[in-house]
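Just so we're clear, the structure is a prediction, and the values are computed from it rather than from any experiment.
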Amino acid sequence: MAEAVVGGAFLSSFLQVLFDRMASHEVLEFFSRWKLSKKPLMRLKTSLLFINAVLNDAEEKQINNPVVKDWVNELKDAAYQAQDLLDEIATDASRYKLEAELKSKQRDFLGLKESSGGEKPSPKRPTTSLVEESAVYGRDGDSEAIIELLLEDDGGGYNISVIPIVGMGGVGKTTLAQLLYNKKLVVENFDVRAWVCVSQEFDLLRITRTILEAVSSSTGDTNDLDLLQVRLNKSLVGKKFLIVLDDIWNENYLDWEVLRTPFKSGAKGSKVILTTRNETVASVARTVQTYHLKPLTDEDCWLLFAKHAFGNRESKAYPNLELIGKEIVQKCNGLPLAAKTLGGLLRLKLDPKEWVKIVESNIWNFSDCESNILPALRLSYLYLPSHLKPCFAYCSIFPKNYKFRKEELVLLWMAEDFLLHPKRENLEEVGVEYFNDLVSRSFFRRTSGRSSCYAMHDLLNDLALFVSGEFCFRMEADNSYDLSGKTRYFSYSRRKFDAYEKFEAFHGAKGLRSFLPSSASLQSACLGTKVVLHLLPELRSLRVLSLSKYWNLTILPDSIGNLKHLRYLDLSRTAIKVLPDSVCTLYNLQTLLLSFCYSLTELPANMGWLVNLRHLDISETNLIEMPMLMGRLKSLQTLTSFILGKKGGSGIKELGEFQQLKGSLSVLKLENVVDARDALEANLKDKLQLNELILKWGGDTNDSKKDRDILDHLQPHANLRRLTIENYGGTILSDWLGHASCNIVSVQIRNCKYCLFLPPFGQLPSLQNLSIEGLDGVVTIGSEFYGTVGSESKPFASLQTLRFKNMLQLQEWLPFRDDNGGAVAFPRLRQLFIQNCCNLTKGLPDSLFSLKALVIEKCQQLVASLPRVPVIHELKLQYCNEVLLNELPPQVLKFTISGYDASVSLPMGNNHCLEELDISDCPSLRLLPSIGEADALKSLSVNNCGNLVFPMHRCYPSLESLCIRSSFDSLVSFPLELFPKLNHLDIHGCQNLHSFSFSNQGRLQHLLSLRSLQISNCSNFVSFPEEGLPAPNLTLFRADHCNNLKALPGQMHTLLASLQDLSIRFCPELESFPDGGLPSSLNSLEIHSCEKLIASRLGWGLQALPSLRSFCIRGFETSESFPERELLPLSLTSLEIWNNLFLKSLNGDELLHLIALKHLGIGRCPNLHSMPEDGLPTSLSFLSVTKCPLLKNRCLREKGEDWPKIAHDFKNAITEIELLKTNSNAELKIREALQFTSHSLRQENERLTRLQSESLYTLADQRTKCQSLKELNRVSDERLHQEYEHKKSMDLLKRDYMTMVGVGGSNPIAHEIHCQMTRSKMLVFPCQ
């Protein structure tokens, strides 16, 4: 049998599935029921057996023999069709719903034959490296050489040294970089480090976000590149950093300049390691000589190969294999990846014949010019067992560097019928075995970090793409024309707006089996309705369908029931409200994912028909109850929630039918259990594969004893890992909760307000996390909490985190008393939280030797001293002023204090290492830490401390962030010279602040670190220094609601040379910009309700700002036409005009000159009556008009008077224009939305080429510098889209839109929008 030999053909496994189908009870019953001849089946089986006998030879020969390749491809295609047919027969037979299509089915059977359809070769794809975790051989010299470069402070005249490592794919560049990154000597030499896998898509936003998250506590929760770069600048100021940019392909110098702009704030000696296969990439970025990484010697390559091939055995014990192995190693040409992969292939195989096959295979001689796949890797695939080949090839649908979870991939394999189960064993276990086998052969590698994700090396991703050929298609950019009629597995990059046009080519791929979006980083997107209503139902062979994260998806068509083969359906994170009843006819469905579908309130009544369903995820939905007969789903392994209804639906007894449940289970609305004895039949104690259990009641109880009995009967098995009990109505928790034999790790008890006592949690030997919240009945925590422990045991021996919260009646927490005097409770406790226990008077435990963080909040009656702790790093005391703080512990790094009414100064004691200080609501506080006490302070936040005296004569040498809110009432002039390393300054509500100042000596050195300056609601603030602010690295400057501000800092054009974002709002006395104008680096400018300043706009000199991309002007009433001649620069890509009561017309001539304009927003201009006669710029991609009533009817598509103006000269660029009307609940929130799309690629290229030749605008801004105008167009598009979403409260408007569409047929406008969206490439929701 082909399955029995190493290296069975791909199709051998596939044909085995067909053999199983033909012999299945369902298929045989179908022929018997309809009295059909079985001869066609026998002929088919005979033909397939003959073909199977030659598949191994054919699979190897197809690589260099096009005729054989064509034959194999045609056979694959026919086999797919045969399987579709047999599956359909089996499905219909199982459901007793047979259709009279016998003759056509027989013809399809007999149509399996060889044909000469050609396969388009897989295009050449560049290959890169991922982080390897295996042992490193032969790189000592390389490591020492680069470490020497890393430890040098001389960067060849640069603050930051860029060290490129160049080498071919698979040579070990990433392994070497990872080795260097984790060397102790290197780690100690740098303040912060970051690792970024860049790969072929040079995504500035993603790279910047990844670095920011690595070097700071910021989550990078924005898509605004400006803001991310500001934050990164701030995070790197004065710090010596090491950044590894792994796997770079981009040769564009301007892109590199944009990326490295924030790096310039780092300290001298900072380093960037760059790994690439491309020498050109290295030459673009390097500041030192490129380091060329050479292949390993044969000796080192052999050591690596032997490690993987022999495991823990000595190779010398197998001299025959050693000789053969060294021949194999010579063919690896010194590439570690090839050696490791082949070593994994032969791992623990001691038969010399298997090794000789590798040596003698002629696949080594095949040219790589077509595929760019290393021969060693091709050979590794060729000799994979046949059942693993389709599993590996399927992974070609994942983009490079895609991180996937084992469980996710196994479910996809299972849906595609890749998992052979001759003994009818658990399919998921078979899949895990396959997965682990591929891991052991180095085809998959676990990613770094704590996540349980895996990835494929880029070379292996290329290999998967190569072997899958045209049967697997990964849509990237505009390659949809490569889609083949043979394509079965499809993935694509999800974008913000996925219109129908993106998928039109799929009408020719009727046999498609997988439809998967793959943009994991995108939180939400919009999908054209026509895709769901018309395209997907046509794909009758679909096994896998994912529509996850499409926020506009509210319904599925009834035709979803026609997808008889569907096994995997993912609708998670959509707005789906109800599933059609036809879903229940999907007899083969195995996996249904509905998590985070907040609008979903019920499941179809006939869910019990889905007898093959194995995984149902309904977490974070709003289901009211489970439908009837859920107990019929006996194959369920995943059931995230089981909701009990009041009147009908499935009862708790039906949980007993789910014998295979694993993972997490939430049992909700337990108050609806009719008879407590029914809970016993749920049989949770025997569900040994559950690792998490959540038991939740809803609302007050009327029967405390019943709740206690229910909880008693829901006892889980002893090895449960996590338990949550919420809203329980009993007075005592069950005894099993504190049983010493329980190995539970985490317990949360919430809002069980009638409980009087706590269980003996101290007896639980494995408990690490304990959270007790809202137990209002507990007055005293006493000895019962600690339980009875043995003479050698300690209560809470493993506990690391303990939280008491909202315990409103708790008065006393008694310490543990050991009769023998030796044991101490909480020996490993690291975090203690006591929050909102307003009646607690005493009870802080002492002798917490491992405590690192202590948080006490809103415990006004607590009288205690801080516990004796050797080393504590975080202390938070809020509104608990009876907790005595005689002095701050010496090792505290982060200190928060609030609501201490009587404190005049902070008791710093001997603490000299405090880095973060947050003070609020301390009205008597007058003094900040003095010189010497705050030398290490990096962040200071002060809120509502009016009597605090500003330290006018103290220097804070390390302070990087300062935030002042309604404090320092006596502060009149802010002395900037006291903060030489200040990076971020935010002052709000300081009513007496008049100005900024600094000493005249050495002033140019004082503000070098300043990146962000914001001042708001300071009504008496008048001016900045006339001589200006010498802040050459300032990128963000905002002034808001400063009613008396008369002047901006002088010499802005020279002193603020890096300024990118300037916002001036509600400063009515400000008359003009400083002499010399604004900095040429300015990228974004907002002027809002500054009447005098706007009146002088013709003198702003915006034409001299070559980098200005975004301009927003609001609240001006001095003109009937806008913009004036030569007001705006040609580089502008975004223009917003708002709040002008007198504006009547737009100056078309001036707008047409804005040849780079992408976004035009107009709002609250009630007298604006028409669009320009000559139309709008042809570059426009987004047009939003809000609350301009006179334009409403004039802009109606095809009907409005202004429609020809809008569409004139660029009709092909317009896909759709929609007018959105709001329903009564939306209250005119969405008045109008006008929607555009870009030109076709051909037209765009022609236009941009013309613009380039005319040199109509410059590319001086490093943040948006691009190699060509086409690149500028792309970058601007993305930038505008991000800014637009960020500024316009998208989430609110999305919800309004979904509410409107949800009205259904009662709202004709909503219905029309829903239909028209299918033809739209973009949908813009304008802000109110």
Side-chain angles (χ1 to χ4, degrees), residues 128 155 158-166 174 177 181 190 192-216 218 220 222-237 239-267 270-278 280-288 290 401 521 1011 1033 1035-1036 1058 1060-1061 1081 1083-1084 1107 1109 1259-1268 1271-1272 1274-1279 1282-1283:
T128 58
Y158 297 86
N159 242 21
I160 305 159
S161 294
V162 180
I163 306 170
I165 302 176
V166 176
T174 303
Y181 187 80
F190 296 94
V192 292
R193 296 175 303 145
W195 181 285
V196 186
C197 184
V198 179
S199 195
Q200 288 171 295
E201 183 180 2
F202 195 86
D203 186 341
L204 284 169
L205 194 69
R206 179 183 67 83
I207 298 169
T208 305
R209 181 187 289 117
T210 302
I211 298 173
L212 175 63
E213 291 176 348
V215 303
S216 72
S218 173
T222 178
N223 287 327
D224 189 326
L225 184 59
D226 283 345
L227 186 55
L228 288 174
Q229 288 198 324
V230 168
R231 291 179 182 175
L232 184 55
N233 253 307
K234 171 185 173 183
S235 300
L236 295 179
V237 167
K239 293 179 180 177
K240 192 175 180 182
F241 63 79
L242 170 63
I243 297 174
V244 176
L245 300 176
D246 183 46
D247 184 18
I248 293 188
W249 291 81
N250 193 317
E251 301 177 7
N252 191 321
Y253 173 78
L254 299 178
D255 280 349
W256 168 249
E257 283 294 293
V258 173
L259 174 63
R260 79 188 196 99
T261 298
F263 299 171
K264 298 176 181 178
S265 60
S270 296
K271 299 289 191 290
V272 176
I273 294 178
L274 179 154
T275 72
T276 181
R277 300 183 192 184
N278 192 331
T280 304
V281 173
S283 65
V284 164
R286 71 187 180 198
T287 62
V288 298
T290 297
N401 301 317
S521 61
R1011 298 297 189 275
N1033 295 308
T1035 58
L1036 174 67
S1058 300
Q1060 297 178 357
D1061 191 330
S1081 60
N1083 184 273
S1084 175
S1107 301
R1109 300 290 182 265
L1259 304 174
D1261 181 13
Q1262 288 184 343
R1263 297 180 60 261
T1264 52
K1265 280 182 179 179
C1266 302
Q1267 195 173 32
S1268 66
E1271 188 71 2
L1272 174 62
R1274 180 185 65 79
V1275 173
S1276 299
D1277 235 337
E1278 295 173 355
R1279 161 76 192 279
Q1282 294 155 4
E1283 289 184 352

Output the distance between atom [atom1] ([X]) and atom [atom2] ([Y]), rounded to the nearest 0.5 Å.
{"X": "Thr208", "Y": "Leu228", "atom1": "OG1", "atom2": "CG", "result": "6.5 Å"}
{"X": "Leu1036", "Y": "Leu227", "atom1": "CG", "atom2": "CG", "result": "8.0 Å"}
{"X": "Leu236", "Y": "Arg1011", "atom1": "CG", "atom2": "CZ", "result": "9.0 Å"}
{"X": "Lys234", "Y": "Asn1033", "atom1": "NZ", "atom2": "CG", "result": "15.5 Å"}
{"X": "Ser1084", "Y": "Gln1060", "atom1": "OG", "atom2": "CD", "result": "10.0 Å"}
{"X": "Asp246", "Y": "Thr275", "atom1": "CG", "atom2": "OG1", "result": "3.5 Å"}

Any heavy-atom pair between the side chains of [Y] and [X] that's under 4.5 Å?
{"X": "Val281", "Y": "Pro164", "answer": "no"}
{"X": "Val162", "Y": "Trp256", "answer": "yes"}
{"X": "Thr174", "Y": "Val244", "answer": "no"}
{"X": "Ile160", "Y": "Phe241", "answer": "yes"}
{"X": "Ser216", "Y": "Arg231", "answer": "no"}
{"X": "Ile211", "Y": "Leu232", "answer": "yes"}

What are the two closest non-hydrogen atoms of [X] and [Y], and how far apart are they?
{"X": "Ala282", "Y": "Thr290", "value": "CB-OG1, 3.7 Å"}
{"X": "Thr287", "Y": "Ser161", "value": "OG1-CA, 3.2 Å"}
{"X": "Asp255", "Y": "Leu204", "value": "O-CD2, 3.9 Å"}
{"X": "Val198", "Y": "Arg206", "value": "O-NH2, 2.9 Å"}
{"X": "Val237", "Y": "Asn233", "value": "CG2-O, 3.0 Å"}
{"X": "Val215", "Y": "Lys239", "value": "O-NZ, 4.4 Å"}

Can you list the steps and then say if Val258 with Gln229 is a side chain to side chain contact (heavy atoms under 4.5 Å, CB included)?
CA-CA 10 Å; Val258 173; Gln229 288 198 324; 4.1 Å; yes
Apply ring pair (Phe, Tyr, Trp, His ring centres under 6.0 Å) to Tyr181 and list each qualifying residue two or more places apart in sequence or on a separate chain.
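Residues passing ring pair (Phe, Tyr, Trp, His ring centres under 6.0 Å) with Tyr181: Trp195.
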Please check: side-chain N/O of Ser235 versus main-chain N/O of Leu212, any donor-acceptor pairing under 3.5 Å?
no
Excluding sequence neighbours, so at least two apart, what forms side chain to side chain donor-acceptor pair (under 3.5 Å) with Asp1061?
Arg1038
